[in-house]
Amino acid sequence: AQKITQTQPGMFVQEKEAVTLDCTYDTSDQSYGLFWYKQPSSGEMIFLIYQGSYDEQNATEGRYSLNIQKARKSANLVISGSQLGDSAMYFCAMREASGGYQKVTFGTGTKLQVIP
Amino acid sequence: EPEVTQTPSHQVTQMGQEVILRCVPISNHLYFYWYRQILGQKVEFLVSFYNNEISEKSEIFDDQFSVERPDGSNFTLKIRSTKLEDSAMYFCASSEALALDTQYFGPGTRLTVL
């Protein structure tokens, strides 16, 4: 089974609108961390936001917020006020305690295109 | 803001040649990682490194690969005899601590094996 599943290969959003990128995760660990990274066309991986399994409140970083629903094992990224510079690939990722926290497991990504 | 740096940004090599990819992790970080991303595919974990030794490696990280921290700042990935399928973007990452801490990625080195 896939550890991280991103079912939206591509998404379009109008500039200034909000968009939700879906991610589901699969783990039996009680302790884990969920991340989102942005990869623009230039190729670098930019850390956006993180939330640990024991965090009570959903994380927010500027225009990015993480909507985690543990019962559904979903970790959706919400981008508010989309900007043209948000056009990029977005990867959901997870670190698990059973992996000794060593590695981050990535999903296949969602390509977001912001339309002017 | 401190960042992970990688050199070169792009490396072209002939099949069978050795390549060394270089990384300078964030200075107060203790854990270092290499990942690779074959074009159009997801990012895959290769290896993690702590206290001058490998702490975990994936099945991808076979005997052709090695890592080293030759001095106090650099962290290198060596591919001994490159194959066509080694063509990929290679990312170095570092984290301050191990437990669920954020890994910060470098800009990547695009390796092209001809």
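Letters go in sequence order (proteins before strands), and every chain restarts at 1. Side-chain atoms are counted along with the backbone in the values below, which use heavy atoms only and exclude waters and symmetry mates.
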Can you get from A:V78 to A:W36 by hopping between Ile, Leu, Val, Met, Phe, Trp and Tyr side chains that sit under 4.5 Å apart?
-> no

Under 4.5 Å, heavy atom to heavy atom: which of residues 57-67 of chain A reach chain B? Give them by number, or say none.
-> none

Inspect the surroundings of NZ in A:K73 and state if more than 12 heavy atoms from other residues, nucleotides or ligands are less than 6.0 Å away.
-> yes

Quick one: do B:L111 and B:M15 end up in the same hydrophobic cluster if we chain Ile, Leu, Val, Met, Phe, Trp and Tyr together by side-chain heavy atoms under 4.5 Å apart?
-> yes

So if you build clusters from Ile, Leu, Val, Met, Phe, Trp, Tyr with side-chain heavy-atom gaps below 4.5 Å, do B:V47 and B:F65 land together?
-> yes

Tell me, yes or no, whether the heavy-atom count around B:D63 atom CG, taken from other residues, nucleotides or ligands under 6.0 Å, exceeds 12.
-> no

State, with a plain yes or no, whether a side-chain heavy atom of A:V104 is found less than 4.5 Å away from one of B:Y33.
-> no

For chain A, which residues of residues 79-94 of chain B have at least one non-hydrogen atom nearer than 4.5 Å to it?
-> B:M89, B:F91

Hydrophobic cluster identity match, B:L46 and B:V24, side-chain contacts under 4.5 Å = no

Are any non-hydrogen side-chain atoms of A:F106 and B:Y35 less than 4.5 angstrom apart?
-> yes

Quick one: does B:Q103's side chain get under 4.5 Å of A:Y37's, heavy atoms only?
-> yes

Considering residues, nucleotides and ligands other than B:L114, do more than 12 of their heavy atoms fall under 6.0 Å from its CG?
-> yes

So which part of B:Y50 gets closer than 4.5 Å to some heavy atom of chain A, the side chain, the backbone, both or neither?
-> neither

Pair listing, ring-ring contact (aromatic ring centres under 6.0 Å, His included) test, anchored in residues 4-29 of chain A, at least two apart = A:Y25-A:Y32

Non-hydrogen atoms of chain A under 4.5 Å away: do they reach the side chain of B:Q6, the backbone, both or neither?
-> neither

Verify the cluster assignment for B:V67 and B:Y31: are they in a single hydrophobic cluster under the rule of side-chain heavy atoms below 4.5 Å apart?
-> no

Select, from A:S42, A:G107, A:G109, the one with the greatest count of heavy-atom pairs under 4.5 Å involving chain B.
-> A:G107

Heavy-atom neighbours of B:K42 NZ exceed 12 at 6.0 Å | yes

Sequence neighbours excluded, the answer for salt bridge (charged side-chain N to carboxylate O under 4.0 Å, His left out) partners of B:E44 is B:R36

Is the shortest heavy-atom distance from the side chain of A:T105 to the side chain of B:F45 under 4.5 Å?
-> no

Can you say whether A:Q6 sits under 4.5 Å from chain B via the side chain, the backbone, both, or neither, judging by heavy atoms?
-> neither

Heavy-atom side-chain proximity of B:Q37 to A:F91 below 4.5 angstrom = yes

Near-ring test B:F105/A:F47, centroid separation under 6.0 angstrom | no

